[in-house]
Amino acid sequence: MIFIVVKFNVKPDWSDRWLELTREFTEATRREPGNLWFEWSRSTEIPNEFVLVEAFQDDAAGDHVNSDHFRQAMKDMAAALVETPKIISRQIEGSDWDRMGELTVG
């Protein structure tokens, strides 16, 4: 799978509206064939930083970045950002989350 983590440094006046700004993009991406997950979190240390964790089947990531909703989201998000987002994008083995071996519950 292609595993991606992106950090978005959002302008303070957009922080409370960020998830609404990205809602259509998020919903459209989650409906894409080959999308495994697309999940937003907000940093507990940097209030205006949002982290996106996403994964796609190997052959689906290209379709994602070439989609109309992706291109529109890049335009929509730019005005709300302080700087270019930081990204880690890697192809890794697997197709789902694994259980943590160091901590077993139950």
Side-chain angles (χ1 to χ4, degrees):
M1 74 176 137
I2 305 296
F3 183 77
I4 305 163
V5 179
V6 188
K7 289 186 173 187
F8 295 85
N9 185 359
V10 177
K11 292 176 182 174
D13 58 321
W14 277 94
S15 288
D16 290 338
R17 300 179 286 160
W18 180 255
L19 294 177
E20 185 58 37
L21 174 68
T22 60
R23 182 173 315 284
E24 287 183 27
F25 173 52
T26 298
E27 291 172 358
T29 301
R30 288 176 177 166
R31 288 190 302 268
E32 290 178 22
N35 175 256
L36 300 173
W37 59 82
F38 195 86
E39 301 173 1
W40 290 100
S41 298
R42 192 169 189 173
S43 173
T44 58
E45 296 177 15
I46 306 169
N48 299 321
E49 182 178 80
F50 288 80
V51 179
L52 176 60
V53 179
E54 55 186 305
F56 297 88
Q57 294 170 347
D58 293 343
D59 56 349
D63 291 339
H64 171 63
V65 297
N66 290 311
S67 68
D68 290 339
H69 59 268
F70 182 89
R71 284 191 290 276
Q72 185 62 50
M74 297 307 101
K75 293 176 189 175
D76 294 344
M77 290 189 285
L81 296 173
V82 173
E83 61 188 0
T84 301
K86 298 174 186 173
I87 187 171
I88 297 173
S89 178
R90 301 288 185 270
Q91 186 168 7
I92 63 173
E93 291 184 21
S95 61
D96 203 351
W97 292 92
D98 293 325
R99 296 273 181 193
M100 185 175 174
E102 298 81 5
L103 175 63
T104 303
V105 178

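The model shown is predicted, which means the values in this text are computed figures rather than measured ones. Numbering starts at 1 and runs along the sequence shown.
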Asks: Might you point out which heavy atoms bring Ser67 and Glu32 nearest each other, and give the distance in Å?
Replies: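 It is OG-OE2, 4.1 Å.
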Asks: Going by heavy atoms in the side chains, are Asp63 and Phe56 under 4.5 Å from each other?
Replies: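 Not touching, per the 4.5 Å side-chain cut-off.
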Asks: Kindly determine whether Met77 and Thr22 satisfy side-chain contact (heavy atoms from CB on, under 4.5 Å), including the steps that lead there.
Replies: CA-CA 8 Å; Met77 290 189 285; Thr22 60; 3.8 Å; yes
Asks: Please work out which of the three classes, parallel, tilted or perpendicular, describes the rings of His69 and Phe25, given edges at 30° and 60°.
Replies: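 Phe25 vs His69 ring planes: tilted.
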Asks: Taking all non-hydrogen atoms of both residues, which atom of Asn66 and which atom of Arg71 are closest, and how far apart?
Replies: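 Looking at all heavy atoms of both residues, the shortest contact is O-NH1, 2.6 Å.
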Asks: Count I, L, V, M, F, W, Y as connected when their side-chain heavy atoms are under 4.5 Å apart, and connections chain through other members. Are Trp18 and Val53 then in the same cluster?
Replies: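 Hydrophobic grouping puts Trp18 apart from Val53.
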Asks: When you group the ILVMFWY residues by side-chain heavy-atom contacts below 4.5 Å and let the links chain together, are Val6 and Trp40 in the same group?
Replies: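 Hydrophobic grouping puts Trp40 with Val6.
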Asks: Locate the shortest heavy-atom distance separating Ala60 from Pro33; write the atom from each residue and the value.
Replies: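 The answer is CB-O, 3.6 Å.
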Asks: Kindly work out whether a path of hydrophobic side-chain contacts (I/L/V/M/F/W/Y, heavy atoms less than 4.5 Å apart) joins Met100 to Phe3.
Replies: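 Met100 does not cluster with Phe3.
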Asks: Would you name the heavy atoms of Thr29 and Phe38 that are closest together and state the gap between them?
Replies: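 In terms of heavy atoms, the two residues are closest at CG2-CD1, 3.3 Å.
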Asks: Do other residues, nucleotides or ligands put more than 12 heavy atoms under 6.0 Å from the NZ atom of Lys11?
Replies: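 It does: Lys11 NZ has more than 12 such atoms within range.
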Asks: Counting only heavy atoms not in Ile92, do more than 12 fall under 6.0 Å of its CD1?
Replies: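 For Ile92, atom CD1 is crowded (more than 12 foreign heavy atoms under 6.0 Å).
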Asks: Using a 6.0 Å cut-off, check whether atom CD of Glu39 has over 12 heavy atoms from anything other than its own residue.
Replies: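 Enclosed.
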Asks: Indicate yes or no: at least one non-hydrogen side-chain atom of Val82 is less than 4.5 angstrom from one of Val10.
Replies: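 SC-SC contact between Val82 and Val10 ruled out.
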Asks: Using the rule that two of Ile, Leu, Val, Met, Phe, Trp, Tyr join whenever any of their side-chain heavy atoms come within less than 4.5 Å, decide whether Trp37 and Leu52 are in one cluster.
Replies: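 Result: no, two separate clusters.
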Asks: So Gln72 and Asp68, side-chain hydrogen bond (donor to acceptor under 3.5 Å, both in side chains) or not? Walk me through it.
Replies: CA-CA 6 Å; Gln72 185 62 50; Asp68 290 339; over 6 Å; no
Asks: Run Asn9 and Glu49 through side-chain contact (heavy atoms from CB on, under 4.5 Å) and show every step you take.
Replies: CA-CA 5 Å; Asn9 185 359; Glu49 182 178 80; 5.7 Å; no
Asks: Looking at Ser15 and Phe50, what are the two nearest heavy atoms and their distance?
Replies: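 So the minimum-distance heavy-atom pair works out to O-CZ, 3.4 Å.
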Asks: Any Lys/Arg nitrogen of Glu27 or Arg30 sitting under 4.0 Å from an Asp/Glu carboxylate oxygen of the other?
Replies: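 Looking at Arg30 together with Glu27, the answer is no, because their closest N to O distance does not fall below 4.0 Å.
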